[in-house]
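Since we're looking at a predicted model, the values are computed, not measured. By convention here, the first residue in the shown sequence is residue 1. Remember, it's 1-based here, ligands and their atoms both numbered in the order they're listed.
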Amino acid sequence: MLAHLVESAFRERFGTEPCVVRSPGRINLIGEHTDYNDGFVLPAAIERSIYVAAGKSDSDVSTAAALDLNESFKFHSLVPLPVSQGGWRNYILGVLSQLKKLGVDLSGFNIVFSGDIPVGAGLSSSAALTTGIVFVLNEVFDLGLGRLQMVNIAHLAEHDFVGVRCGVMDQFAALMSKAGTATLLDCRSLKYEHIELDSSEIEFVLLDSGVSHELEESEYNDRRDSCERVATSLGVRSLRDLTADRLRAPSAEIDEHDFMKALYVLEEIERVKTGAEFLRQKEFGDFGKLMFESHGGLKEKFLVSCEELDFLVELAIGDPHVLGARMVGAGFGGCTLNLLRKGKGRGFAHRAGEMYLTRFDKPLKCYEVQIAGGTELVKPG
Ligand code: GLA
């Protein structure tokens with residue numbers, strides 16, 4: 001549907017045949033705020049995606065149109081400078097700027113995109129956009145980039161150009177996921193393993209608090225600063241290289257707020273490793289318990305949850321059909337991810353919706369999750 005929409009909107013607007021690409025949002029089963037500490041994460045791509053139609057223009061001027069927002073802008077492909085308050089525009093310019101750094105100067109092109117990933121819900125719509133853009137440009141201009149190179153370009157577009165000092169998880173999840181699996185990723189070596197998720201036994205449901213986090217840039221970067229301060233003062237490259245004993249040693253002299261955040265990260269890295277083994281063994285109940293623990297850490301130690309998310313996780317803890325639940329993504333709002341035995345999701349979402357309305361006087365959106373593959377070509381140009 002959306003693929004056809006962007007395709008026909010492109011044709012109508014620019015009069016040529018576009019290349020069309022799908023790039024997915026992601027959930028993260030466990031391993032939050034561990035990626036930029038060189039730790040492990042366990043994301044999976046979802047069916048909700050951004051669809052990008054693109055083709056060359058006949059000059060050096062490029063045009064990009066965001067169908068859902070009914071906005072478009074023109075830019076010079078050779079001079080990608082950030083636009084103040086530019087929103088989605090900077091994700092596109094960020095990709096161009098990274099390509100330029102690699103010595104790739106593109107002539108003009110046109111882009112139309114649309115998607116069904118809720119923005120600000122912690123499902124990584126921004127990485128879906130950057131990865132979709134680099135993927136489609138790779139096709140249109142035949143750049144010969146490999147997927148891992150594209151991960152890097154999309155990551156730096158966000159990190160260096162947009163200025164959210166994010167880790168590599170989201171871009172990696174978009175480009176490297178495999179349908180029906182979660183990806184255990186070592187964010188230092190980028191070694192990864194696809195772990196089968198048995199869709200005949202379990203399902204995932206997302207409950208959207210409706211609190212839009214819009215990547216609280218300064219809060220996110222603050223968390224990262226805390227982690228880096230601890231690593232630096234203990235003389236390691238990143239928190240990945242620390243043990244809890246070393247962190248707790250009296251000689252460590254770490255500020256108590258930083259200490260709690262670092263402790264959360266060390267514990268979460270361990271949870272990912274244990275959780276991956278539970279998934280391999282299909283011990284979903286045990287995996288679910290780790291999700292609850294992860295949320296506890298994000299709430300009490302890393303301080304990135306909020307009242308609405310905590311309420312939703314409490315509901316999940318009290319519901320006999322939910323195996324595990326936690327906030328997903330950067331935090332400060334967005335969704336909780338709930339793991340249930342097959343067929344139990346809808347009923348739970350309904351019960352949660354009623355209680356959420358009573359408590360916060362606002363509706364709760366619920367998304368069923370289909371685990372999908374990574375960024376892909378839908379139609380060649
Ligand atoms: C955002 C960032 C990721 C990661 C998560 C938290 O989604 O883009 O790199 O840090 O937050 O796990």
Aromatic contact, F292 with F287 (centres under 6.0 Å) = no
Give every donor-acceptor pair under 3.5 Å between a side-chain atom in residues 177-184 and any protein atom, sequence neighbours left out.
from: S177; atom 1: OG; to: A45; atom 2: N; distance (Å): 3.3
from: S177; atom 1: OG; to: A173; atom 2: O; distance (Å): 2.6
from: T181; atom 1: OG1; to: K178; atom 2: O; distance (Å): 2.7

Could you tell me whether E32 and ligand 1 have an N or O pair separated by under 3.5 Å?
-> yes
Please write out which residues are connected to Y51 in a hydrophobic cluster, directly or through intermediates, given that two of Ile, Leu, Val, Met, Phe, Trp, Tyr count as joined at side-chain heavy-atom separations below 4.5 angstrom.
-> L2, L5, V6, F10, F14, V20, L67, V112, V378
Below 3.5 angstrom, do we get any N/O pair linking Y36 and ligand 1?
-> no
Check the surroundings of atom CD in E201: do more than 12 heavy atoms from other residues, nucleotides or ligands lie under 6.0 Å from it?
-> yes
Under 4.0 Å from any heavy atom of D35, which atoms of ligand 1 are there?
-> 3 (C), 4 (C), 9 (O), 10 (O)
Below 4.0 angstrom from a heavy atom of M169, which ligand 1 atoms are there? Numbered from 1 as shown, please.
-> 4 (C), 5 (C), 12 (O)
Verify the distance criterion only: is there a donor paired with an acceptor across the side chains of D310 and S305 at less than 3.5 Å?
-> yes
Does an N or O from G167, backbone or side chain, lie closer than 3.5 Å to an N or O of ligand 1?
-> yes
Say whether D170, considering both its backbone and side-chain N or O atoms, lies within less than 3.5 Å of an N or O atom on ligand 1.
-> yes
Aromatic contact, F172 with H155 (centres under 6.0 Å) = no
Among E268, R271, E32, which residue meets the side chain to side chain donor-acceptor pair (under 3.5 Å) test with S294?
-> E268
Judging by distance only, is a nitrogen or oxygen of T34 under 3.5 angstrom from one on ligand 1?
-> no
Number the atoms of ligand 1 from 1 as they appear, then name those within less than 4.0 Å of a heavy atom of C166, with their elements.
-> 2 (C), 8 (O), 9 (O)
Measure H155 to ligand 1 on non-hydrogen atoms and call it side chain, backbone, both or neither using the 4.0 Å cut-off.
-> neither
Of the listed options H33, R26, H159, closest to atom 12 (O) of ligand 1 (non-hydrogen atoms) = H33
